[in-house]
Amino acid sequence: MFKKFIYLEWKAFTRSASFATNLGLKILMLFVAIYFALVFLALGIGAFYIIKKMNLEPLVTVNKFLIYYFLFDLIIRLLLQKIPVMNIRPFLVLPFKKPTIVHFSLGKTVLSFFNYGHAFFFLPFSVVLIMEGYDVVSVLLWHLAMISLIYINNFLNIVLNNKDNLFAIFVGIVIILGGCQYYHVFDITTYTTVFFEGLFHTKWMFLLPILALMGLYYVTFNYFKNNLYLDSGLSNKHQIAKTEDLTWLNQFGTLGTFLKNDIKLIKRNKRSKTTVIMSVVFLFYGLLFFKSHALYNPVMHIFAGIFVSGGFLFTFGQFVPSWDSSYYQLMMTQNIPYRGYLSSKWWLIVIATVISTILASFYLYFGWQVYLTIVVGAIYNIGVNSHLVLLAGAYTKTPIDLDSSKGAFGDKKAFNVNTMLISLPKLLLPLGLYWIGSTLMSPNLGLAMVAVAGIIGFALRDKVFTQIEKIYKTEKYKTIAAYKQKS
């Protein structure tokens, strides 16, 4: 039966209208996975000797900070790991047993890079421990316990997927615990180290995470199975409708109508609300570059400036017109000008970029040069990247189910790995311009070149929109065909 499910998954992938895009993204994701695998491999081999040079006991030191390791792992999963989505409804009228469907869906998560990627750290680290004379049996049992804890996070992510605000809660927990430890108020590692050390020194303790994993799988299995009905877990649940006039936008004509629809979409759906939350998170992205001396490379400052001001652009704009995929066919039957539709999206991105730039004024604490970099990044986002995301939307034909978070098999993550991968080409040009300017003369010339590119893009907005409109019209029927399919 599993063989048939795998066959159907493959057919769904190859027959998709967005097959070329999906294939390209998977190739890019493969390179990203290889990169992180090599990083983890280097850490796994070198961590023992690096810690040893610091006159610390390697295993004790690693065990001390494993609590933060697994907390960060869970946070990243909540943010990026997509829950496997199957087209369940057709299977429910066929002679497929529900447990088989659920086991297959959960089994797909086992093969995720978010799980086996950790092996590139723990496996070589365990081998080094054995080579350095640690007890072989204890190392193997400790390693088995680590694998169990990794998969506990995997199934926790599935169970918690439909819970609101958990990402922010776990981030808050890590910040509070890290802050308390840094200022010597409370050290959580004092208590957690006892547990992780026990997994190595007390041979029977490895059974605890294994039993916890078995119990969590049982809970997750029952959660999915109990929601595997058309009239409950897989049905669309409707809330009481709220009317919002936003009549002040009527003065902008067709543009105002589209803006009203977008504002209502953002306010009423979890996936679109996530983009606003992530835009706020992006505001603090620059702290990694502007504060850290390890990342003081000036070229990377413009990288940070673009992300700080462009959070909404990269999260919301990246999925235009997919946000409207559920009623895109209806829109195309109306006398709706593409120019008005695209302009509304563009203005929404511009307004969000300006607001983000103003909110980022706290970077003045690091100096005028830092905030000037963010302003230049905003100019480039408005003049160039805003056009690029709209252009990419004509070819990115991935539908978004705004109600998908309602069921057990839903996926509500609006921000994922694909979003970041598509965004990479939009960063190469400003980095190149800044590098050329700073190399020829000074960082100020680099900033000027990036800003001029944004101004030129803004000045050519009408001509660019004309070309983008033509492309959208050319791709119109392919897009409609893609949106008819289930993502």
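For clarity, every value in this text was computed on a predicted model and none was experimentally measured.
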Side-chain touch [X]/[Y], heavy atoms, less than 4.5 angstrom:
{"X": "His143", "Y": "Phe125", "answer": "no"}
{"X": "Tyr218", "Y": "Met214", "answer": "no"}
{"X": "Ser356", "Y": "Leu283", "answer": "yes"}
{"X": "Leu66", "Y": "Asn63", "answer": "yes"}
{"X": "His201", "Y": "Ser138", "answer": "no"}
{"X": "Trp204", "Y": "Leu141", "answer": "no"}
{"X": "Phe122", "Y": "Ile147", "answer": "no"}
{"X": "Val128", "Y": "Tyr49", "answer": "yes"}

Geometric class of the [Y]/[X] ring pair [parallel <30°, tilted 30-60°, perpendicular >60°]:
{"X": "Tyr217", "Y": "Phe155", "answer": "perpendicular"}
{"X": "Phe200", "Y": "Tyr134", "answer": "perpendicular"}
{"X": "Phe307", "Y": "Phe314", "answer": "parallel"}
{"X": "Phe120", "Y": "Phe113", "answer": "tilted"}

Where [X] and [Y] come nearest, the two heavy atoms and their spacing:
{"X": "Ile152", "Y": "Leu216", "result": "O-CD2, 3.3 Å"}
{"X": "Leu41", "Y": "Pro124", "result": "CD1-CG, 3.9 Å"}
{"X": "Ser126", "Y": "Val139", "result": "O-CG1, 3.6 Å"}
{"X": "Ile302", "Y": "Pro430", "result": "CG2-O, 4.4 Å"}
{"X": "Lys64", "Y": "Thr192", "result": "O-OG1, 4.3 Å"}
{"X": "Thr61", "Y": "Ile51", "result": "OG1-CG2, 3.7 Å"}

Can you tell me how far [atom2] of [Y] sits from [atom1] of [X], rounded to the nearest 0.5 angstrom?
{"X": "Leu313", "Y": "Ile306", "atom1": "CG", "atom2": "CD1", "value": "10.0 Å"}
{"X": "Ile150", "Y": "Phe121", "atom1": "CD1", "atom2": "CZ", "value": "10.0 Å"}
{"X": "Phe65", "Y": "Leu71", "atom1": "CZ", "atom2": "CG", "value": "13.5 Å"}
{"X": "Gln181", "Y": "Thr189", "atom1": "CD", "atom2": "OG1", "value": "4.0 Å"}
{"X": "Leu144", "Y": "Leu149", "atom1": "CG", "atom2": "CG", "value": "10.0 Å"}
{"X": "Leu199", "Y": "Leu208", "atom1": "CG", "atom2": "CG", "value": "7.5 Å"}

Would you sort out whether Leu106 and Val110 count as a side-chain contact (heavy atoms from CB on, under 4.5 Å), showing the intermediate values?
-> CA-CA 7 Å; Leu106 295 180; Val110 174; over 6 Å; no
Judged by atom type as modelled, is there a donor-acceptor pair below 3.5 Å linking the side chain of [X] to the main-chain atoms of [Y]?
{"X": "Asn115", "Y": "Tyr151", "answer": "no"}
{"X": "Asn381", "Y": "Gly377", "answer": "yes"}
{"X": "His184", "Y": "Cys180", "answer": "no"}
{"X": "Asp73", "Y": "Tyr69", "answer": "no"}
{"X": "Tyr68", "Y": "Val174", "answer": "no"}

For Ile351 and Leu348, what are the C-alpha separation, side-chain angles and deciding distance, and is it a side-chain contact (heavy atoms from CB on, under 4.5 Å)?
-> CA-CA 5 Å; Ile351 292 170; Leu348 196 64; 5.5 Å; no
Working for side-chain contact (heavy atoms from CB on, under 4.5 Å), residues Tyr223 and Ile158 = CA-CA 10 Å; Tyr223 168 72; Ile158 297 173; 5.5 Å; no
Quick one: which of Ile175, Leu177, Ile176 gives a side chain to side chain contact (heavy atoms under 4.5 Å, CB included) with Ile173?
->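 Single pass found, and it is Leu177.
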